[in-house]
Amino acid sequence: MVFLESTSETDHLIASETDPLIGNGNASDGVSLTRNDETNGEVFDNVPQAKRQLGQSSLDNAEYHSLDILLQLYSLPCPSIYATPSNILRSSGSVGVAFIMWIAGALIAFCGTAVYMELGTGLPRSGGEKNYLEYTFRRPRYLVTCIFMVYLSIMGAGTANSVVFSEYLLHALAIEPTHFNTRLVAFLCLSFCCFLHGTCLKVGLRLQNTLGMFKLIVLVSIVISGILCLLNVPGFTVDNAYEIPHNFEWSKFWEGSGTGVNAFVSGLYNVIWSFIGYSNANYALSEVRDPVRTLKRAAPLAVFGVATMYILINVAYFAAVSKSDILGSQRIVAALFFRNLFGSTTERALSAFIALSTLGNLLAGQFSQGRVVQELGREGILPYAAFFASNKPFNAPLAGLSTMYAFGCFFLFTVPAGDAYIFLITLAAYSLTLINTFVSLGLLLLHTPAYKLWKWNPPFHAPKFVIMAFFISNLFLVVVPFIPPATGSRVYEQLPYWSHPVAAFSLSLIGIGYWYIWSIWRPKRFGYRLERKWVIQDDGVSRYTFLQVPL
């Protein structure tokens, strides 16, 4: 494997790397913005104005700050809201505890939003958690980046959501969702997302935003229909052919509670994964006009609106579908909701709408994750970094998108059926929890006197008690999965309860191994040291490259 690269003929060497511990405030050394910075973050990473396409209206080419708000609103409602309620109810044991999980998940998401707002306004460039971990944990050099690179393969893969799309589409077409059929449709879905965003950027953004608006319409229709059902409005009552739910009767509301702390946390992971989109805008800030201002406007509105919607959607589900039907629904609880209220014919039509809204979320997620891979290429850490950092040949990060596409297909065809969906969701959520633990710890450290040299003074400051709450909640979620579940309760049907935390920690070993070989073993073996330089690509975007300097 080639671990280093040389600058190409079209790259222009401009400077050696500045020591981030001594930074002088320039855009290249990692020092955060100050409150008096008048650039609003747009020169933070030397991205040309022509590359900042988000925040610009496609209608009149005028600056349009609400587009970034739309990006978060469209991408934050996760397709798991159509698929995970049965898993969450199984983990909670009762309707009442399930609602407690959703409320707890919303509170964690609000704290996380404040944390990411401070970090995003202080380091307004694409890459999200990668930037924040690098900025705080600088020794050993490049270690945290290599570990994050491995976790990205799990968190950024669209496998689970592509399966949701596939199952709802097959259900709408009255095709049996066999293992082959489900994987085939999911594969075609992942292929379409990669091709569209990798070759037709503007078309992909328009379709993504259109489907995002469509997704909001579907979710709002579920909320309204469920509330009308709860109020027994004629035309919105459960058909007598199906089991009449009594989920909100007090004796039934708490029935089945007491599954244990392990099962509770496992269900909470499914809830947290539904809120994962609150950091999506941070992944693409280099392509946003006026990123500081738009992030401060977008994040609170998006999370508040989606948290409210999630709670009301669960009210709707429990108003129209019995507890036993939800537990047996696997991943099509929304289809049962429409069936109970409007009949099987309408159910299939609306299942197609849910599939389309899931596609919109996949497009938004892959749009963001492809840019994180591109940022890893710009850091010079990946093999063939120039290839991954480039926007060639379609002015889009096709290499990064293709990487996430490859991982998505790998998990799609290698993870066995049965516990596969729950395991992938839980592993991704646990990996994100590990990262959020260190992200929030890093932000706490930046507020201590020991980190005074970092000169951390972003345009937005999260309250310290909120940062501490986010850190403690994530630390709790990291530890609890190692506690055995209560008797009679299980996380998986076949896999051991500790599968996802052990798998997540094992991933870090891969990153550590890559870092050691690349930055320690090979330089000693072949007698050189690594020197990182800034270069300007032929598209005007700066990136790092590593040179071999003989000892």
Side-chain angles (χ1 to χ4, degrees), residues 53-59 64 66-84 156-173 185-224 273-278 280-281 283-284 287-288 298 301-302 305-306 309-310 313 331-332 334-335 338 348-371 396-397 401 404-405 408:
Q53 302 182 52
L54 295 179
Q56 180 176 343
S57 170
S58 59
L59 299 177
Y64 184 61
S66 63
L67 186 60
D68 194 44
I69 297 175
L70 294 179
L71 173 64
Q72 280 205 317
L73 280 172
Y74 293 163
S75 60
L76 209 163
C78 182
S80 62
I81 190 62
Y82 304 130
T84 58
T159 306
N161 288 338
S162 70
V163 172
V164 175
F165 168 84
S166 177
E167 291 186 344
Y168 272 100
L169 183 61
L170 291 173
H171 185 78
L173 298 174
V185 175
F187 169 73
L188 295 174
C189 175
L190 290 173
S191 302
F192 174 76
C193 293
C194 178
F195 173 80
L196 191 65
H197 274 326
T199 62
C200 310
L201 178 61
K202 291 184 178 180
V203 175
L205 283 174
R206 291 193 187 101
L207 179 61
Q208 172 183 309
N209 289 337
T210 301
L211 291 177
M213 178 62 76
F214 184 75
K215 175 173 61 178
L216 292 181
I217 293 173
V218 171
L219 293 174
V220 170
S221 68
I222 292 176
V223 169
I224 295 174
W273 190 250
S274 299
F275 284 100
I276 189 175
Y278 65 73
N280 269 6
Y283 295 142
E287 298 182 48
V288 176
L301 175 62
V306 172
M309 186 176 295
Y310 280 167
I313 287 173
R331 289 175 289 277
I332 57 171
F338 289 122
R348 296 196 183 281
L350 292 174
S351 292
F353 295 159
I354 292 175
L356 288 175
S357 69
T358 303
L359 176 61
N361 187 276
L362 267 168
L363 285 168
Q366 294 306 292
F367 175 88
S368 299
Q369 296 299 336
R371 280 146 180 81
L401 290 163
M404 299 317 303
Y405 168 70

Return the [atom1] to [atom2] distance between [X] and [Y], rounded to the nearest 0.5 Å.
X    : Y    : atom1 : atom2 : result
F187 : Y405 : CZ    : OH    : 3.5 Å
N161 : Q366 : CG    : CD    : 9.0 Å
F165 : L170 : CZ    : CG    : 9.0 Å
L356 : L169 : CG    : CG    : 8.0 Å
T210 : L363 : OG1   : CG    : 10.5 Å

Heavy-atom closest contact ([X] atom, [Y] atom, distance):
X    : Y    : answer
I354 : A334 : CD1-CB, 3.4 Å
S166 : V185 : OG-CB, 3.3 Å
A352 : A172 : N-CB, 3.5 Å

Inset, instruction - Take C193 and L359 through the side-chain contact (heavy atoms from CB on, under 4.5 Å) test and state the conclusion after the steps. - result: CA-CA 8 Å; C193 293; L359 176 61; 3.9 Å; yes
Inset, instruction - Using side-chain hydrogen bond (donor to acceptor under 3.5 Å, both in side chains) as the criterion, list what pairs up with T199, not counting sequence neighbours. - result: none
Legend entry - Donor-acceptor contact present, side-chain S351 to main-chain Y168, <3.5 Å: no
Inset, instruction - Can you spot which of V218, I222, I224 makes a side chain to side chain contact (heavy atoms under 4.5 Å, CB included) with V220? - result: I224
